[in-house]
Colleague: 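One structure coming up, written as structure tokens, with questions to follow.
Hydrogens, waters and symmetry mates play no part in the numbers below; they use all other heavy atoms, side chains included.
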Amino acid sequence: MRYRLKKWLLCVLTMTLVGGASSWAAIQDPQGVQTESREEDNDNREEENEGQEAGGQRSENEGQEVGGQRSGDEGQESAGQPTGDDGQSEDSQATEENQRSGAGQPLGDDGQKENGKPAERGQEGKNMSSGLPDWLSEDSILMLAAGFGAGLAAALAVFGIRSMIRKKKRDKKNASGDRKGGQKMEGDSCITERVSGKRGTAAETRAVRLPAPASMPDAAKGTVGTVHHIGRRKSQQDTFGVNPTNAGLLAIVSDGMGGLADSDKVSQRAVMGMFQAGNRVSGDSGENPLFEMLSMANEQVLDMLGEDQLYKSGATLLAALVCRGQFHWVAVGDSRIYLYCRGHLFQINREHIYKQELVQEAVNRNISFSRVSTDPQRDRLVSFLGMGELKYIDGSLRPVDVKQGDKLLLMSDGIFNTIAEQEIIWILENTDNAAGAAALMEQKVMQADNPKQDNFTCVILDF
């Protein structure tokens, strides 16, 4: 921003100076040099007139002295008349000489000449008599102001046109971005972010649109959707629940382990134990309360099974606790938690299967990497409720922020083992709410016609 401001100030200053320079060139006096030479001529003429006056005065004095001597030589009787004649004649002669030489008239002539040229000098240098140069005259100042104003107006016009072009490009880019995202950003909020300018210029601040804060999912509004189907199995071993608790809205999915005895009871006990713990635990501390709830639920499962039934029955567990535009999560087993955000689907938990341990062993050079994908036990669960002490637990250490339009999915393997993630994204983008997405998801799983279709369950929370 600072760089752009400097650039426009320089442009305005340059164009203003260009306009002023044009006006300055127009008002320059081309007769300036002649005026100085004219003043030198006048000074010379004044010196010449003074010399002529001094010469005329000396001639007159000499004439009077000559007349006086001639009167003394001729005598007293004839002294009055001839002297008067001679005096008149000498005086007339001196006067004529003075008139011819210009000794008596020059000042008057010069004065006439000086006063007779007001049109030549008075108009060209009318401000010189008051001590001001010509460029400070009223006409010159108005012309300079007009030039500067024209330059400033041109700079502002360029600035306005450039701003309109940039705004149209920015609006077009935003419109294309919204179409590409495939989402309607209603009630968007704005924040500012600092981005580096090009080629090391100063950073600038610009506005960035973000979705509005999320609202609490509500089944009555269709923003809570559930899928729960037996598939092609003889019994339903999946259990789920969505209910408010003291700490917020709690959503749980538990997948009973097929092939083990009473896995349906383990999943039911796990979900029930989580809800019971949810009414005892408060989320005000800022820590993830789901860890404490999981501990209580696992304890209830172990009490139900007894020591002799450990590893003979078990279930996975997913849980999400939503409160004030944020959620915490916890996961044990191979079920998945997905977060859908602006056209992308993110799995946020690990799957606790033997393959994870094989990868770790291969990284530490204890086994070959080829064994990771070929070991027949790679999909075996290594952490689940019912095994006693839990080996692996995934969960959030701080709350996850969500915005309007985001979706949270808690899903058993009966869904993601049948339909691909891209199809799940398509379902979420082509339905109005979570309830519609859940109905279409169940339809797509059944249309896949998997002969070994497992129980499948999913809870969708639409923010």
Side-chain angles (χ1 to χ4, degrees), residues 176-189 209-229 231 238 240-242 249-253 255 316 318-322 325-329 331 334-351 396 399-450 453-463:
S176 63
D178 291 343
R179 288 194 299 270
K180 184 178 179 181
Q183 292 188 12
K184 185 178 180 182
M185 306 299 293
E186 296 180 354
D188 286 0
S189 59
R209 292 197 310 167
L210 287 180
S215 57
M216 182 68 74
D218 188 350
K221 297 179 181 179
T223 53
V224 175
T226 59
V227 180
H228 190 56
H229 199 281
D238 291 355
F240 77 95
V242 182
L249 182 66
L250 180 59
I252 307 169
V253 169
D255 180 6
T316 69
L318 303 174
L321 183 65
V322 181
Q326 297 177 324
F327 73 88
H328 276 293
W329 62 274
D334 62 350
S335 298
R336 295 180 183 175
I337 301 178
Y338 284 109
L339 178 62
Y340 172 84
C341 180
R342 294 192 175 191
H344 300 280
L345 194 65
F346 304 97
Q347 181 181 347
I348 61 177
N349 70 304
R350 278 189 315 169
E351 298 172 37
S396 57
V400 180
D401 292 330
V402 286
K403 298 295 182 181
Q404 187 178 41
D406 293 348
K407 296 175 176 61
L408 189 64
L409 296 83
L410 286 69
M411 187 181 302
S412 68
D413 60 356
I415 294 179
F416 58 79
N417 284 339
T418 300
I419 60 176
E421 291 182 351
Q422 287 300 321
E423 192 166 4
I424 295 173
I425 294 174
W426 185 89
I427 292 171
L428 297 175
E429 292 181 345
N430 289 275
T431 49
D432 295 332
N433 52 34
L440 183 57
M441 186 177 292
E442 180 176 346
Q443 180 181 345
K444 291 295 183 180
V445 172
M446 295 305 296
Q447 287 177 353
D449 197 21
N450 184 356
Q453 180 61 52
D454 193 4
N455 305 149
F456 59 94
T457 302
C458 183
V459 173
I460 304 175
L461 305 179
D462 192 353
F463 297 98

Colleague: Atom CD1 of Ile252 and atom CG of Leu250: how far apart are they, to the nearest 0.5 Å?
Modeller: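 Going from the CD1 atom of Ile252 to the CG atom of Leu250 covers 4.0 Å.
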Colleague: Run the side chain to side chain contact (heavy atoms under 4.5 Å, CB included) check on Gln453 and His229 step by step: do they pass?
Modeller: CA-CA 10 Å; Gln453 180 61 52; His229 199 281; over 6 Å; no
Colleague: For Cys458 and Met411, work out which heavy atoms get closest and say how close.
Modeller: SG-CE, 4.0 Å
Colleague: Quick check for you: to the nearest 0.5 Å, what is the distance between Asp406 atom CG and Arg342 atom CZ?
Modeller: 8.0 Å
Colleague: Considering all heavy atoms of both residues, which atom of Ala251 and which atom of Leu461 are nearest to each other, and what is their separation?
Modeller: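 It is CB-CD1, 4.1 Å.
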Colleague: With sequence neighbours excluded, tell me which residues meet side-chain hydrogen bond (donor to acceptor under 3.5 Å, both in side chains) with Gln443.
Modeller: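 Per chain and number, Gln443 pairs via side-chain hydrogen bond (donor to acceptor under 3.5 Å, both in side chains) with no residue.
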Colleague: Could you grab the distance from atom CG of Leu409 to atom CG of Leu318, nearest 0.5 Å is fine?
Modeller: 11.0 Å
Colleague: Between Phe463 and Val322, does a side chain to side chain contact (heavy atoms under 4.5 Å, CB included) hold up when you go through it step by step?
Modeller: CA-CA 10 Å; Phe463 297 98; Val322 181; 3.5 Å; yes
Colleague: Is there a donor-acceptor contact under 3.5 Å linking the side chains of Ser412 and Asp255?
Modeller: no
Colleague: Which pair of heavy atoms, one from Lys444 and one from Ile419, lies closest together, and at what distance?
Modeller: O-CG2, 4.2 Å
Colleague: Passes side chain to side chain contact (heavy atoms under 4.5 Å, CB included), Trp426 versus Leu440? Steps please.
Modeller: CA-CA 10 Å; Trp426 185 89; Leu440 183 57; 3.8 Å; yes
Colleague: Between Phe416 and Tyr338, how do the two ring planes meet: parallel, tilted or perpendicular, split at 30° and 60°?
Modeller: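 Judged by the thresholds at 30° and 60°, the geometry between Phe416 and Tyr338 is perpendicular.
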Colleague: How close do Ala331 and Ile337 get, counting heavy atoms only, and between which atoms?
Modeller: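 For Ala331 versus Ile337, the nearest heavy atoms are CB-CD1, 4.4 Å.
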Colleague: Given side chains that start at C-beta, do those of Asp454 and Asn417 come closer than 4.5 Å, heavy atoms only?
Modeller: no
Colleague: Examine distances only and state if a side-chain atom of Glu442 and a backbone atom of His228 form a donor-acceptor pair shorter than 3.5 Å.
Modeller: no
Colleague: Any side-chain to backbone donor/acceptor pair from Thr223 onto Asp218? Under 3.5 Å, distance only.
Modeller: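 Yes.
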Colleague: Taking all heavy atoms of Gly414 and all of Phe456, pick out the closest pair and write down the distance.
Modeller: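 Here Gly414 and Phe456 meet closest at C-CB, 3.6 Å.
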Colleague: Drop me the distance from Tyr340's OH to Leu408's CG, to the nearest 0.5 angstrom.
Modeller: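 Between Tyr340 OH and Leu408 CG, I get 14.0 Å after rounding to 0.5 Å.
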Colleague: Apply the test side chain to side chain contact (heavy atoms under 4.5 Å, CB included) to residues Val227 and Val445: give CA-CA distance (whole Å), side-chain angles for both, the deciding distance (0.1 Å), then the verdict.
Modeller: CA-CA 10 Å; Val227 180; Val445 172; over 6 Å; no
Colleague: Closer than 3.5 angstrom, by distance alone: can the side chain of Asn349 be matched with the main-chain N or O of Ser335 as a donor-acceptor pair?
Modeller: yes
Colleague: With a 3.5 Å distance limit and no angle check, can you tell me whether Ser396 reaches the backbone of Trp329 through a side-chain donor-acceptor pair?
Modeller: yes
Colleague: Hey, does Met441 have a side-chain heavy atom less than 4.5 Å from the side chain of Ile460?
Modeller: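 A side-chain contact exists here, since the closest heavy-atom pair is under 4.5 Å.
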Colleague: Calculate, to the nearest 0.5 Å, the distance between atoms CG and CD belonging to Leu345 and Glu429 respectively.
Modeller: 10.0 Å
Colleague: For Leu428 and Thr431, which heavy atoms make the closest approach, and how far apart are they?
Modeller: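 So the two residues come closest at O-OG1, 3.6 Å.
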Colleague: Find the distance between CG (Asn455) and CG (Asp238) and round it off to the nearest 0.5 Å.
Modeller: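 Between Asn455 CG and Asp238 CG, I get 4.5 Å after rounding to 0.5 Å.
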